[in-house]
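Report on the structure given below.
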Protein chains: 2
Amino acid sequence: MQNNQNIKIAVDAVVFGYQDNALYILLIQQKYGPYKDQWVLPGGLVQNGETLTTAVHRELQEEAGIKVNYLEQLYTFGDDINRDQRNQVISVSYFALVNPENFKLSAATDAQDVKWQNISNTPTLPFDHNLIIDTAFKRLKAKLHYQPIGFDLLPKKFPFSDLEHLYTTILEQEIDRRNFRKKILSFDFIKKSNEKQKTGSGRPAQLFTFDTNKYKALEKNGIHFEIKFA
Amino acid sequence: MQNNQNIKIAVDAVVFGYQDNALYILLIQQKYGPYKDQWVLPGGLVQNGETLTTAVHRELQEEAGIKVNYLEQLYTFGDDINRDQRNQVISVSYFALVNPENFKLSAATDAQDVKWQNISNTPTLPFDHNLIIDTAFKRLKAKLHYQPIGFDLLPKKFPFSDLEHLYTTILEQEIDRRNFRKKILSFDFIKKSNEKQKTGSGRPAQLFTFDTNKYKALEKNGIHFEIKFA
DNA sequence: GTATTTTTGCGTATATACTACACATATTAT
DNA sequence: ATAATATGTGTAGTATATACGCAAAAATAC
């Protein structure tokens, strides 16, 4: 096996969080090196003997002190030789979601600072991180249509309107509330809790929960989630 | 940037070919090293200064002398530390299709031998190549439903029945010929050529062509391809 | 405490898309 | 000539998606 290969492998993560009807991504501020003080996606080099998945979890822990609710591989970026000025680096990037319970950021140990950045005014970032974010955002939008992934961005108990707003906010599309509710309820994987939401004006809303196990069972029997809009 | 990382990066490709109503994948026979003489997916280490895409094309050229018709990134395998006995290696794997015009294999220079392996009786392969093939095969099946990718496995001019057979063969499902034809024709991106196929018994078939440009135009206007079966 | 505003909760009619299904036609083989 | 083989086509029934408006429950304003 040839031994002179000098290409590094890094992992990077695009972590989405949803709060107060807005979508955020997690950014960290570099502590060292030529990119010091710049805001970038959490991530870093994979260690010897470490799996890719382990590396992502470790970096998220070290840099942002965060646990994600959902994680999947997004894409591997390696067609721009000079994406990192220090060395040829290939980035295996990941797509992650946090639920609001874990939205609070602990102090980061390996990063200078951490923040939630509203995605709609993301600044220009170093490396190809804007490209990675775009790719992840497209994936998120697509997945909302064919996988019940919105629930991973909401608290365990949520009013129906929150789910509606999540869809309209992220997809930037209007929605027919009646048809949407009918469709979601017809899948039969969300349950009415007997609590009601009290806050704010207007009629108090029923709270619902997403039944993961029931969804998996239904999925095994061949149903597939799909949401379209008018 | 830490300098002791000792992980190699390879690319591997699952190349599908379709001929005589059967689906094949491309395998090559290792020429050197501890895996000598074993059949594996085409691929190899990425060279310094080389992009991932370039690396795949190069390996396919060197090992199988083949040009693919369609190529996309599949998945990056790096969660099994010991997938290669020689060193920790991460495989960025690709999904590719060849059309029948390029189905003939030239003599390979970097491989001992090359062959088309019928996918339905793929033997056990070294590394995690069976896993990679499974992943690619799932991707192919999924894509047949939502992307007009079947045409990349057929010659430029083809009778409708070939397209039907491709679907039934790969998806292992029955199909209603009338509804299928109606659906495909309704998309309006395949054209009747004025040639007919002569071979064999039975009524001669019209030959059709897939109009890539028209498909792209339609796609831009928001139509999306989708094929379901009864 | 009454009126106004805000938000939730719900049903039906219409249009569109999917499914099921059978027989005539053009050619080769006998 | 007759049989065998593969292609080519239409319609009715069912299911799914879309369009659309008003009453109920609470908070807020007066």
Side-chain angles (χ1 to χ4, degrees), chain A residues 20-21 144-146 148 154-155 157-169 171 173-209 218 221-230, chain B residues 20-21 144-146 148 154-155 157-169 171 173-209 218 221-230:
Chain A
D20 300 324
N21 293 335
L144 280 176
H145 290 282
Y146 64 82
L154 292 176
K157 297 183 180 183
F158 58 89
F160 224 97
S161 53
D162 275 15
L163 188 63
E164 287 169 28
H165 290 137
L166 187 145
Y167 271 81
T168 53
T169 304
L171 297 176
Q173 272 182 54
E174 284 308 305
I175 196 177
D176 182 299
R177 285 170 49 232
R178 284 162 293 190
N179 292 339
F180 180 76
R181 186 183 182 112
K182 231 184 305 177
K183 191 69 194 282
I184 297 280
L185 288 174
S186 77
F187 290 121
D188 202 36
F189 51 55
I190 80 171
K191 286 187 300 204
K192 252 181 199 162
S193 93
N194 40 18
E195 290 173 64
K196 296 205 175 191
Q197 199 186 40
K198 305 159 192 273
T199 76
S201 80
R203 178 172 173 172
Q206 280 279 355
L207 294 181
F208 293 85
T209 59
L218 291 168
N221 293 356
I223 70 137
H224 79 288
F225 181 77
E226 192 170 2
I227 296 289
K228 294 175 188 168
F229 295 110
Chain B
D20 299 325
N21 292 336
L144 279 176
H145 290 283
Y146 65 79
L154 292 177
K157 297 184 181 183
F158 57 90
F160 224 97
S161 54
D162 275 14
L163 188 63
E164 288 169 27
H165 289 137
L166 186 145
Y167 270 81
T168 54
T169 304
L171 297 176
Q173 273 181 54
E174 284 309 303
I175 197 175
D176 182 299
R177 285 171 48 232
R178 284 164 291 191
N179 293 339
F180 180 75
R181 187 183 179 111
K182 229 183 307 175
K183 190 70 195 279
I184 297 280
L185 287 174
S186 77
F187 289 122
D188 202 35
F189 50 56
I190 80 170
K191 286 187 300 204
K192 251 181 200 161
S193 95
N194 38 19
E195 291 173 62
K196 298 205 176 192
Q197 200 185 42
K198 307 157 190 271
T199 75
S201 80
R203 176 173 176 173
Q206 278 281 353
L207 293 180
F208 292 85
T209 58
L218 290 169
N221 293 355
I223 72 134
H224 78 288
F225 181 77
E226 193 171 0
I227 296 289
K228 293 174 188 169
F229 296 110

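The structure displayed is predicted, hence computed values, not measured ones. Residue numbers start from 1 in every chain, and the chains themselves are labelled A, B, ... in the order their sequence lines are given, proteins ahead of strands.
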Ignoring hydrogens and angles, write down the donor-acceptor pairs under 3.5 Å from the side chains of residues 201-208 of chain A, residues two or more places apart or on other chains.
none

query = Just how far, in rounded Å, is C1' of dG8(D) from CG of Leu207(B)?
reply = 14 Å

ask   = When the distance from CG of Leu163(A) to C1' of dG9(C) is rounded to whole Å, what number comes out?
value = 15 Å

Spacing of Glu174(A) atom CD and Thr168(A) atom OG1 [to the nearest 0.5 Å] = 7.0 Å

key: Atom-to-atom span, NE2 of His165(A) to C1' of dT8(C) - whole angstrom   = 11 Å

Point-to-point distance, once rounded to the nearest 0.5 Å, from CG of Leu166(B) to CG of Asn21(B) = 8.5 Å

ask   = Roughly, in whole Å, what's the span from CZ in Phe160(B) to P in dT9(D)?
value = 10 Å

query = Could you give the CD1-to-P distance, from Ile223(A) to dT16(D), as a whole number of Å?
reply = 13 Å

query = Between residues 178-186 of chain B and DNA chain D, which residues have a heavy-atom gap below 4.0 Å?
reply = Arg178(B), Arg181(B), Lys182(B)

inquiry  = Can you confirm whether Leu185(B) sits close enough to Ile190(B) that some side-chain heavy atom of one is under 4.5 Å from a side-chain heavy atom of the other?
reply    = yes

key: Approximate separation, where rounding is to 0.5 Å, of Lys192(B) NZ and Lys157(B) NZ   = 15.0 Å

request  = Enter the inter-axis angle for the ends of the helix from dG1(C)-dC30(D) to dT30(C)-dA1(D) (five pairs per end, rounded to 10°).
outcome  = 10°

inquiry  = For the CD atom of Glu164(A) and the CZ atom of Phe158(A), what is their distance to the nearest 0.5 Å?
reply    = 11.0 Å

Could you go through nucleotides 26-30 of chain C and list every protein N or O atom that sits under 3.5 Å from one of its N or O atoms, giving the distance for each pair?
from: dA26(C); atom 1: N3; to: Arg203(B); atom 2: N; distance (Å): 3.3

message = Determine whether a donor-acceptor pair (N or O, by modelled atom type, separation under 3.5 Å) exists between the side chain of His145(A) and the backbone of Ile227(A).
response = yes

key: Candidates dT8(C), dC20(D), dC21(C) - which lies nearest the side chain of Ala205(A)   = dT8(C)

ask   = Atom CG of Asp176(B) to atom P of dG13(D): distance rounded to whole Å?
value = 17 Å

ask   = Expressed in angstrom and rounded to an integer, what is the separation of Arg177(A) atom CZ from dA23(D) atom P?
value = 15 Å

task = Find the distance Ile175(B):CD1 to dT19(C):P and express it as a whole number of Å.
result = 12 Å

key: Test ring pair (Phe, Tyr, Trp, His ring centres under 6.0 Å) applied to Tyr146(B) - qualifying residues, sequence neighbours left out   = none

ask   = If we only count heavy atoms from C-beta on, is the Phe187(A) to Leu218(A) side-chain gap below 4.5 Å?
value = no

For residues 177-184 of chain B, which side-chain N or O atoms pair as donor and acceptor with protein atoms under 3.5 Å away, sequence neighbours left out?
from: Asn179(B); atom 1: OD1; to: Lys182(B); atom 2: NZ; distance (Å): 3.3
from: Lys183(B); atom 1: NZ; to: Glu226(B); atom 2: O; distance (Å): 3.0

message = Is there a side-chain contact between Tyr167(B) and Leu144(B) in this structure, where contact means two heavy atoms from C-beta onward sitting under 4.5 Å apart?
response = yes

